[in-house]
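The next block holds one structure in the form of structure tokens; read it before the comments.
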Amino acid sequence: MELAVIDFETTGLSAGRDRIIEVGAVILRDGRVAESFVQLMHPGFPIPSFITGLTGISNAMVRDMPPPEEVMPRLGQFLDRHPCLAHNASFDSRFLAAEMARAGLGRERPFLCSMRLARRLVPDAPNHRLGTLVQHLGLRPPDGCRAHRALDDVLMTVALWNHLETELAGWLNGKSPDFAFCHRLMTRPKAAAAKLLREAAVSVP
DNA sequence: TGCCAGGCCCTCTTTAGGGCCTT
């Protein structure tokens, strides 16, 4: 399954009030990064100091950067028709929809959520934050990877997804899971998701 | 003036509340 893995750094949590200040995205093909896209953006107002402390993205870094509405057409072309994957996808899909609408480019995109899948497949993790899961599973993000920068968070999500996909393929007798199966798994209640896995394990030849 | 996200998910639930995740 080809996926676009995406992550936004923003000025806050509200898609209605806050703006995107950085996007990272990659096209994942056979578990490998085939293309990548990263861009800082100027939100049109000062970045809150809390966000600069969290992400390291300062007002000086975005001073000469384009506003989100200028970046969205290029991002839309990059994502093309790929289904998207993000960690806590409801957050990123809300911001993507809000910024696309501001740019006059409204289009709903299907999303998978690595956090919701991990809650089904890694129930014993201390918590389901991206960094915790990567550490808990012993995954190795690329050297120099820094949490809360968009492309680095994308690469950690890729590492997590590759682990989850391998685990799902184990349930499916080696067959790679498709989008519909992953979506069913992450949207069903816990007990129903567990039943879905058990049924898949015996029904896939 | 005062406030400011939103949706999933669990449970001491369903006539509800609060923790988890994302920035």
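Chain letters run A, B, ... following the sequence lines, proteins first, then strands; residues in each count from 1.
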**Message:** List the residues meeting side chain to side chain contact (heavy atoms under 4.5 Å, CB included) with Ala125(A), not counting sequence neighbours, and say none if there are none.
**Reply:** Val122(A), His128(A), Leu133(A), His136(A)
**Prompt:** So, are Glu9(A) and Arg149(A) salt-bridged, with charged N and O less than 4.0 Å apart?
**Reply:** no
**Asked** Reckon His148(A) has a side-chain N or O less than 4.0 Å from the OP1 or OP2 of dT23(B)?
**Response** yes
**Asked** Listed in order of residue number, which residues of residues 68-75 of chain A have a non-hydrogen atom at under 4.0 Å from DNA chain B?
**Response** none
**Carboxylate-amine/guanidinium contact Glu2(A) Arg81(A), below 4.0 Å** = no
**Message:** If I take atom CZ in residue Arg116(A) and atom C1' in nucleotide dC21(B), what distance separates them, rounded to the nearest angstrom?
**Reply:** 12 Å
**Asked** Given atom CG of Asn88(A) and atom P of dC8(B), what is their separation to the nearest angstrom?
**Response** 11 Å
**Asked** When the nearest nucleotide of DNA chain B is assigned to Pro189(A) and to Leu54(A) on a heavy-atom basis, which residue is associated with the more 5' position?
**Response** Pro189(A)
**Residues, nucleotides or ligands: over 12 heavy atoms within 6.0 Å of Gln135(A) CD** = no
**Request:** Test ring pair (Phe, Tyr, Trp, His ring centres under 6.0 Å) on Phe8(A) and Phe95(A) and set out the steps.
**Result:** CA-CA 8 Å; Phe8(A) 294 127; Phe95(A) 270 92; 7.0 Å; no
**Prompt:** Would Met115(A) and Leu13(A) show up in the same hydrophobic cluster when neighbours are defined by side-chain heavy atoms closer than 4.5 Å?
**Reply:** no
**Request:** To the nearest Å, give me how far apart CD1 (Ile6(A)) and C1' (dT23(B)) are.
**Result:** 15 Å
**Asked** Quick one: which of Ile27(A), Val26(A), Leu112(A) gives a side chain to side chain contact (heavy atoms under 4.5 Å, CB included) with Leu3(A)?
**Response** Leu112(A)
**Item:** P gap between dT14(B) and dT1(B), integer Å
**Value:** 39 Å
**Message:** Tell me if a side-chain donor or acceptor on Arg120(A) pairs with a main-chain N or O of Arg188(A) at a distance below 3.5 Å.
**Reply:** yes
Each nucleotide N or O in nucleotides 17-20 of chain B that has a protein N or O under 3.5 Å away: list the pair and distance.
unit_1	atom_1	unit_2	atom_2	d
dC20(B)	O3'	Arg119(A)	NH2	3.0

**Request:** Evaluate whether atom CG of Asp124(A) has more than 12 neighbouring non-hydrogen atoms of other residues, nucleotides or ligands under 6.0 angstrom away.
**Result:** yes
**Item:** Gap between atoms CZ and P, on Phe8(A) and dT22(B) respectively (whole Å)
**Value:** 16 Å
**Request:** Please work out if Arg120(A) contacts a base, only the sugar-phosphate, or nothing of the nucleic acid, heavy-atom cut-off 4.0 Å.
**Result:** sugar-phosphate
**Asked** Between dT23(B) and dG6(B), how far is it from one C1' atom to the other, in whole Å?
**Response** 13 Å
**Request:** Take atom CG of Asp18(A) and atom P of dA5(B), then tell me their distance rounded to the nearest Å.
**Result:** 9 Å
**Request:** For Lys190(A) and dC9(B), give me the distance from atom NZ to atom C1', rounded to whole Å.
**Result:** 9 Å
**Fill in**
note: Leu85(A), atom CG; dT22(B), atom C1'; distance rounded to Å ~ 14 Å
**Request:** Remember a base hit wins even if backbone is also touched, and classify Asp7(A) as base, sugar-phosphate or nothing at under 4.0 Å, heavy atoms.
**Result:** sugar-phosphate
**Request:** Taking atom P in both dC12(B) and dC20(B), compute the distance separating them and give it to the nearest angstrom.
**Result:** 16 Å
**Phe95(A) CZ to dG7(B) P, straight-line distance once rounded to whole Å** = 13 Å
Identify all side-chain donor-acceptor contacts of residues 156-163 of chain A below 3.5 Å with residues at least two apart in sequence or on another chain.
unit_1	atom_1	unit_2	atom_2	d
Thr157(A)	OG1	Asp153(A)	O	2.8
Asn162(A)	ND2	Gly31(A)	O	3.1

**Prompt:** Is Leu151(A) linked to Leu96(A) within one hydrophobic cluster, defined over Ile, Leu, Val, Met, Phe, Trp and Tyr using a side-chain heavy-atom separation of less than 4.5 Å?
**Reply:** no
**Message:** Is it true that, when you exclude Asp80(A) itself, more than 12 heavy atoms of the residues, nucleotides or ligands shown sit nearer than 6.0 Å to its CG?
**Reply:** yes
**Message:** Under 4.0 Å, counting only non-hydrogen atoms across every strand here, what does Ile21(A) touch: a base, just sugar-phosphate, or nothing?
**Reply:** nothing
**Asked** Looking only at atom P, what distance separates dG18(B) and dT13(B), rounded to whole Å?
**Response** 13 Å
**Request:** Would you jot down, in residue-number order, the residues of residues 9-17 of chain A having a non-hydrogen atom under 4.0 Å from DNA chain B?
**Result:** Glu9(A), Thr10(A), Gly12(A), Leu13(A), Ser14(A), Arg17(A)
**Prompt:** Counting only non-hydrogen atoms, which of residues 177-187 of chain A are less than 4.0 Å from DNA chain B?
**Reply:** Met186(A)
